[in-house]
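Here the structure is laid out as structure tokens; the discussion comes afterwards.
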Amino acid sequence: MVVCTGCSLLCEDIELVLKDGTISQAKNLCRKGHAHFQALFIERTRPMIDGREVSLDQAISKAAEILKSAKSPLFYGWSNSTLEAQAAGIDLARRLGATIDDTSSFCQGILMELVLTGKVPTCTLDDVRNFADTSVFWGADPSNSHPRHLSRFAYYPRGEKRQKSYEEERICIAVDVRKSATARLCSNYYFRVPPGQDAEFIESILAVLDGKIPRFGDKKRMIELGTVLRKTEYGVIFPGLGMVYSLQEKMDLLVRLVAKLNEITTFMVLPMVDHYNMRGFNQLLLDETGFINRVSFQGGTTVHGPEQSVMAAAKSCDAALVIGSDPLSALPFGTARALAKTSLIAIDPRRSLTTDAAKVVIPSAMYGLEAGGTSLRLDGVKIEFEPFFKSELLSDEQILAKIKEAI
Amino acid sequence: MEAEVTIVAFQDIFQNEARKKGIYTDEYRQLSAQIILDKQDITRLGVKDGQRISVKNEVGGVVVAAKISDDDPHPGLAFMINSPWFNQLVRDDVCDTSIPGFKRIAARVSPSEENVTQISEILQRMRA
């Protein structure tokens, strides 16, 4: 069995046969996972300095030299690294007085903070499979982002108290700005919300739950939704990026909604984080500093705030270490350009815009395939995995140890 | 002909798969460099499915392919898959939460005679 690190479900039941540089047989792999594993054979990085191939030792030495001389380095990425590598990264950031941030900073961070600090009740995916009769995918489309979510946990499987499964006992609700693949599956339980109006939608649900007339949306449908939520025995809200980007500073409305629902029945929240160990980084940094992301260790102190986010730090840093992430593809143009113009070090198994723009490229082993370790699934359950086959490539953790040694 | 639209980004498993095959592949460009427009907007712009569209705002611009939406009517609302093409249009001066507005980008769309923007051009812009 292999653990798939293609998304934060960390599916542990993967069976693989590799032959002649490709996957010849696979069992339980989704399309996303298959592409993730097949990527092992495509566009792998080589050690580079200024676009010229060098030895691994030279690349590591150059990275150490850049970081050692930097006055305000930025460490970014981390959501595709194991807990062990993340811990090594936080340690190195502290020693160098660096700013450290991860992908949660511009996606699920606000929500994850609510979960990790106990401001909203949460549960495990196994609880979802065993008990949940209502799953609300809000601004989330697991059919595209977490393809086995519905089949392993939320909808199709039989669970301890859900023996009749989706045929009779489970309901999936989609709240989205577009009729996504998941919304199409939810059929009658799809609620379209125009961009940026999720706050009004929540206020309408709260009104219905209080027995008042909703001001937003189709009144009849909102009352139907209220009835479904009231009749739920064990509900779970799975917020995606759609909800995060829409609510932003109004996230307290979600807290109010969940509190109200829990006065009536049981409702949990599980953010649909994308990368396989984003939650792990958030938990580790929270344990170390009291903050889940956006931390600067400059001057021996710990500072947290918007100025320490990758968006701001990309423009103020004089060197950036990016690990297992492609911010030049994923972040707004201005941030991407700022990173491209700094002394950029990319540690990555595969070629990306970020590795192509980097001053130094250090190739790494792919976790789950070429390197083992520990990660936190999207629900916080710790998953350990062994490498599927031997590789000469170093893991993130080993590369960071070598950089630390060189510094 | 030009139209004002609000663009919302989303994830697509097929584009994700194409990205794993390589960011410089035709497949990745074809699946990323497209804008899904409502039928009414397509008609108003006088374009057909697959025709090139210029998408511009105060941040930047790209040329992508038009795709007709099969969703319920949503005039004025367009969709693009999360990609470097979409991110050319996203502001990085953000609100208090420091989260960019990936889900609500105002832009102008119009038919274009230019080629679809290549990812190598996007990388050049970042380095310029």
Side-chain angles (χ1 to χ4, degrees), chain A residues 30-32 34-36 38-39 42-43 105-107 109-110 139 141 143-145 147 177-181 192 194-196 241-242 244-246 248-249 251 274 294 305-307 309-312 314-315 326 328-341 350-353 356-357, chain B residues 6-25 28 32 36 59-62 69-72 74 76-79 81-105 119-120 122-128:
Chain A
C30 68
R31 181 176 287 273
K32 192 171 180 178
H34 186 275
H36 176 67
Q38 186 67 45
I42 310 166
E43 297 267 45
S105 189
F106 68 94
C107 61
I110 305 178
D141 179 17
S143 299
N144 277 285
S145 61
V177 68
R178 57 184 278 275
K179 200 185 268 183
S180 65
R192 183 189 290 276
L241 291 176
V244 176
Y245 292 140
S246 179
Q248 298 229 10
E249 64 274 12
M251 202 57 77
D274 190 6
R294 302 178 178 175
E307 289 304 307
S309 77
V310 62
M311 308 283 295
K315 291 178 178 166
D326 183 14
L328 267 64
S329 286
L331 287 173
F333 176 66
T335 312
R337 186 168 58 177
L339 284 171
K341 288 183 172 180
R350 300 189 66 242
R351 186 183 182 192
S352 67
L353 278 185
D356 279 3
Chain B
T6 298
I7 309 173
V8 176
F10 69 99
Q11 281 195 55
D12 178 81
I13 194 168
F14 296 97
Q15 183 250 16
N16 182 286
E17 181 184 35
R19 182 165 60 86
K20 298 285 185 184
K21 292 177 185 170
I23 58 169
Y24 293 95
T25 59
Y28 179 62
S32 302
I36 300 171
V59 181
V62 282
S69 173
D70 62 355
D71 201 343
D72 298 333
H74 53 82
L77 187 60
F79 301 104
I81 296 175
N82 268 320
S83 74
W85 284 265
F86 173 72
N87 284 323
Q88 296 296 292
L89 306 163
V90 183
R91 295 169 69 103
D92 65 341
D93 51 337
V94 289
C95 67
D96 291 347
T97 53
S98 292
I99 296 176
F102 291 107
K103 296 286 181 182
R104 234 185 314 171
I105 301 297
I119 197 163
S120 51
I122 292 173
L123 184 59
Q124 275 173 13
R125 290 179 195 176
M126 289 173 187
R127 285 172 152 168

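In what follows, chains are A, B, ... by sequence order, proteins preceding strands, each numbered from 1.
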Residue among [options] with most heavy-atom pairs under 4.5 Å to chain B:
options                       : value
A:I42, A:T335, A:D356         : A:D356
A:A314, A:C30, A:S246, A:G242 : A:G242
A:K32, A:M251, A:Q38          : A:K32
A:A330, A:G139, A:A312        : A:A330
A:K315, A:K179, A:E43, A:H36  : A:K179
A:G334, A:A340, A:A39         : A:G334

Take A:V177 and B:F10 through the test side chain to side chain contact (heavy atoms under 4.5 Å, CB included) and record every step on the way to the result.
-> CA-CA 10 Å; A:V177 68; B:F10 69 99; over 6 Å; no

So for [X], is it side chain, backbone, both, or neither that comes closer than 4.5 Å to the heavy atoms of chain B?
X      : result
A:P147 : side chain
A:L339 : neither
A:H34  : neither

Look at the side chain of B:N87 and the backbone N and O of B:S83, then say whether any donor-acceptor pair between them is shorter than 3.5 Å.
->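 Checking the backbone N and O of B:S83 against the side chain of B:N87, a donor-acceptor pair under 3.5 Å is found.
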
Backbone N or O of B:E17 within a donor-acceptor pair of the A:R31 side chain at under 3.5 Å?
-> no

Flag side-chain contact, heavy atom, 4.5 Å: B:V90 against B:I105 | yes

Taking only residues two or more places apart in sequence, or in another chain, which ones meet A:D141 in a side-chain contact (heavy atoms from CB on, under 4.5 Å)?
-> A:S143, A:N144, A:R178, A:S180, A:A181, A:T182

Considering only heavy atoms, which portion of [X] lies under 4.5 Å from any heavy atom of chain A: side chain, backbone, both, or neither?
X      : answer
B:I36  : neither
B:R19  : backbone
B:A128 : backbone

Apply side chain to side chain donor-acceptor pair (under 3.5 Å) to B:Q11 and list each qualifying residue two or more places apart in sequence or on a separate chain.
-> none

